[in-house]
Amino acid sequence: MALTVDTCCFLLTVLTKHKPQSFSLIMSQVRVRFAPSPTGFFHIGSARTALFNWLYARHTGGVFILRIEDTDKERNSEQFLNVIYDSLRWLGLNWDEGPLVGGAFGPYRQSERASVYSEYLQKLKTAGRTYEKDGAVWFKLLGERYEVYDEHRKKTVTKVKVAPTAIEDQIRGHVERLEDEDFVIVRSDGNPVFHFVNVVDDIAMQITHVIRGEDHLSNTSKHVELFKAFGAPVPAFAHIPLILKQNGPGKMSKRDQGALIEEYQKRGFLPEALVNFLCLLGWNPKDDREKMLISDVIELFDLPGVNQSNARFDEKKLAHMNMAYLLALPTERFVAEAKLFFQKHPAGVAALAQPEVFREVMLLAQPKIKGFEELPAYTGYFFNEDFVLDPKVKDKVMAKPEAKTRLGELIAALPSMDLSNDSAIEEAIKHLATSNSLGFGDYQAVARLAVSGTNAGPSITSIFRVLGRTRVEQRLSRLLALS
RNA sequence: GCCGCUAUCGUAUAACGGUUAGUACAACGGGUUUUCAUCUCGUUAAUCGGAGUUCGAUUCUCCGUAGCGGUACCA
């Protein structure tokens, strides 16, 4: 069926609730790409770039493409590719075209696109926009050439009289930069350089919006000149701010704490919490909402709403977000996720030995912890008899001379206690307390020390209930004998 | 050095050119929780500096300063 351009725009507007003027550049579907290099690491900055691309695609009803920039042949392996796939999948950023899923514009790995590059190189050669020098292929700018001595580089360079290249950035607005020197597009070893393959792929894959880190803003003038030389439409650009390390100068590098997605996976962060945190680093819904459904973010996300200044990473805010998600998690999913976490943890064997107990303990832990990584330390004493007594807590609690008396009274009362539910246990301890003219608190601290080795944790009544009479008795007696 | 981008509490951010400059995290102090955590109330805390435009500037312009990025036959 035939559709007019107006009809198309109207439909797109209706379908995406998007401002029509944002479509001035393109008459077709939005196509964005995320183009990581398989280095064996997946950086949090890359994750956010991927996320913003994905959000924009989902917001506009467009296509999110994964393209692998693996031209650096030496340090590539399937393993490294899997890091990318795993990280994206874990974050929930599914791609519509790319490796594993295919698409009409493949292949999606640069290492498999050599023929495309030579074809495009030929176009440029035919157009007279290249020349060879020192065995490399250079891109020829259009204009009058002149020589000038560069003090900083300590050599004479050839410059070209050209007008500045204008970039209309969706986030930064109008940016101008003078691109006045020819540059290499194919190295003397025959490998095309990043600028060239990047632009060729964007043309070949019909990318409409290039959303990437600000570190590429200065490169963009090169890219724009290449697009023009190919006679291809220049895509819309959107350069998103960088993530700075939380302490010290500079952007976050892979050596910084918290820089790698892998680390969050290992530490048991909830991916939806990390994604929510990342959404808010450089973007906001223009109201006070913070914990948001991803569907709401998709609806509200737009490029002009992205901030222009770099953002410092804040692990405490992320931890808080993770806790908020943990608290809101349906119980059974919490237990299931906790199980997955323990399966990869050394303490997991003991913890998972008794599924019933494990579940009970996890129910106690859910409202108390900030992240799954706290679980082994927080719940260890439930699964192990040889837990350690915190020396500081022990000294403090056992410093009171009556502590041993309280312990003895508890042991004596224990056989007749109803341990079937928390309120019964509470009643029993209260009864014991009042009969000795004391309060619940007089038994709480010493009992807690005896059964858990510490002064923090779930309610003492719950610990008694889950542990059961025998183990509680053993632990109380052990502490009494010890002191 | 040169080029580009940026600049609001410690951090992330909000504020049609008109607000007592808001919110969240953190910090600190109460309350709740017979522990801890949660929750809750409160306190501390910001428009980088200087000009200009304007009746009025956090907001627009310019100049400084600082931060960040780029400046490769890396990506």
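In what follows, chains carry the letters A, B, and so on, assigned in the order in which the sequence lines appear, proteins first and then strands, with residues in each chain numbered from 1. Heavy-atom basis, side chains included; hydrogens, waters and symmetry copies ignored.
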Residues [X] and [Y] bridged, charged N to O under 4.0 Å:
X: Asp180(A); Y: Lys161(A); answer: no
X: Arg212(A); Y: Glu69(A); answer: no
X: Glu402(A); Y: Lys404(A); answer: no

Report the distance from atom [atom1] of [X] to atom [atom2] of [N], rounded to the nearest whole Å.
X: Asn307(A); N: rU11(B); atom1: CG; atom2: C1'; result: 14 Å
X: Leu300(A); N: rA14(B); atom1: CG; atom2: C1'; result: 15 Å
X: Lys317(A); N: rC9(B); atom1: NZ; atom2: P; result: 15 Å
X: Phe139(A); N: rC73(B); atom1: CZ; atom2: C1'; result: 17 Å
X: Glu225(A); N: rC3(B); atom1: CD; atom2: C1'; result: 15 Å
X: Asp180(A); N: rC2(B); atom1: CG; atom2: P; result: 15 Å
X: Glu426(A); N: rU35(B); atom1: CD; atom2: C1'; result: 13 Å
X: Glu181(A); N: rC3(B); atom1: CD; atom2: C1'; result: 11 Å

Margin query: Donor-acceptor check, side chain of Asn421(A) to backbone of Ser423(A), threshold 3.5 angstrom: yes or no?
Written below: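 The answer is yes, because a donor-acceptor pair under 3.5 Å joins these two groups.
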Item checked: Any donor-acceptor N/O pair, Lys396(A) side chain to Val393(A) backbone, under 3.5 Å ->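 A pair under 3.5 Å: no.
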Note to self: By nearest heavy atom, map Lys286(A) and Gly457(A) onto RNA chain B; which one lands nearer the 5' end?
What the structure shows: Lys286(A)
Next item on the list: Let me know, please, whether Pro241(A) or Asp288(A) comes out on the 5' side of the other along RNA chain B by nearest nucleotide.
Entry: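 Checking each residue's closest nucleotide, the 5'-ward one belongs to Pro241(A).
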Let's test this: given Watson-Crick or G-U wobble pairing with both distances under 3.5 Å, identify the partner of [N].
N: rC5(B); value: rG67(B)
N: rC39(B); value: rG31(B)
N: rA51(B); value: rU61(B)

Note to self: Of the listed nucleotides (rA26(B), rU35(B), rA7(B)), which one gets closest to any side-chain atom of Ser309(A)?
What the structure shows: rA7(B)
Margin query: Closest approach to the side chain of Glu290(A), judged atom by atom: which nucleotide of rA24(B), rC73(B), rA75(B) is it?
Written below: rA24(B)
Using the [atom1] atom as the reference point in each nucleotide, state the distance between [N] and [M] in Å, no decimals.
N: rG10(B); M: rG49(B); atom1: P; result: 13 Å
N: rC55(B); M: rU47(B); atom1: P; result: 26 Å
N: rU40(B); M: rG67(B); atom1: P; result: 40 Å
N: rC60(B); M: rG17(B); atom1: P; result: 8 Å
N: rU32(B); M: rC16(B); atom1: C1'; result: 43 Å

Item checked: Gln308(A) vs rU6(B): side-chain N/O to OP1/OP2 distance below 4.0 Å -> yes
Item checked: Contact under 4.0 Å: Arg289(A) side-chain N or O vs rU13(B) OP1/OP2 -> no
Item checked: Ring geometry between Phe237(A) and His239(A) (parallel below 30°, tilted from 30 to 60°, perpendicular above 60°) -> parallel
Next item on the list: Kindly assign one of parallel, tilted or perpendicular to the pair His209(A) and Tyr56(A), based on the angle between their ring planes and the thresholds 30° and 60°.
Entry: tilted
Report all interatomic pairs (protein N or O, nucleotide N or O of nucleotides 66-72 of chain B) with separations under 3.5 Å.
| residue | atom | partner | partner atom | Å |
| --- | --- | --- | --- | --- |
| rC68(B) | OP1 | Gly250(A) | N | 3.0 |
| rC68(B) | O2' | Asn310(A) | ND2 | 2.8 |
| rG69(B) | OP1 | Lys251(A) | N | 3.3 |
| rG69(B) | N2 | Ser218(A) | OG | 3.2 |

Margin query: With a 4.5 Å cut-off on side-chain heavy atoms, are Ser435(A) and Glu409(A) touching?
Written below: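 No, too far: nothing below the 4.5 Å cut-off.
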Next item on the list: Could you tell me whether Ala311(A) contacts a base, only the sugar-phosphate backbone, or nothing, with contacts defined as non-hydrogen atoms closer than 4.0 Å?
Entry: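 Contact class for Ala311(A): sugar-phosphate only.
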Notebook entry, point to check: Does Arg406(A) make a cation-pi contact with Tyr443(A), if we ask for NZ or CZ under 6.0 Å from the ring centre and within 45° of the axis?
Noted result: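 Ring-cation test returns yes.
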Item checked: Where Glu179(A) and Leu141(A) come nearest, the two heavy atoms and their spacing ->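 In this case the closest contact between Glu179(A) and Leu141(A) is O-CD2, 3.4 Å.
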Please tabulate, one pair per line, each protein N/O and nucleotide N/O from nucleotides 37-45 of chain B that are separated by under 3.5 Å, including the distance.
| residue | atom | partner | partner atom | Å |
| --- | --- | --- | --- | --- |
| rA37(B) | O2' | Lys368(A) | O | 2.9 |

Checklist line | His223(A) ring center within less than 6.0 Å of Phe227(A) ring center | finding: no
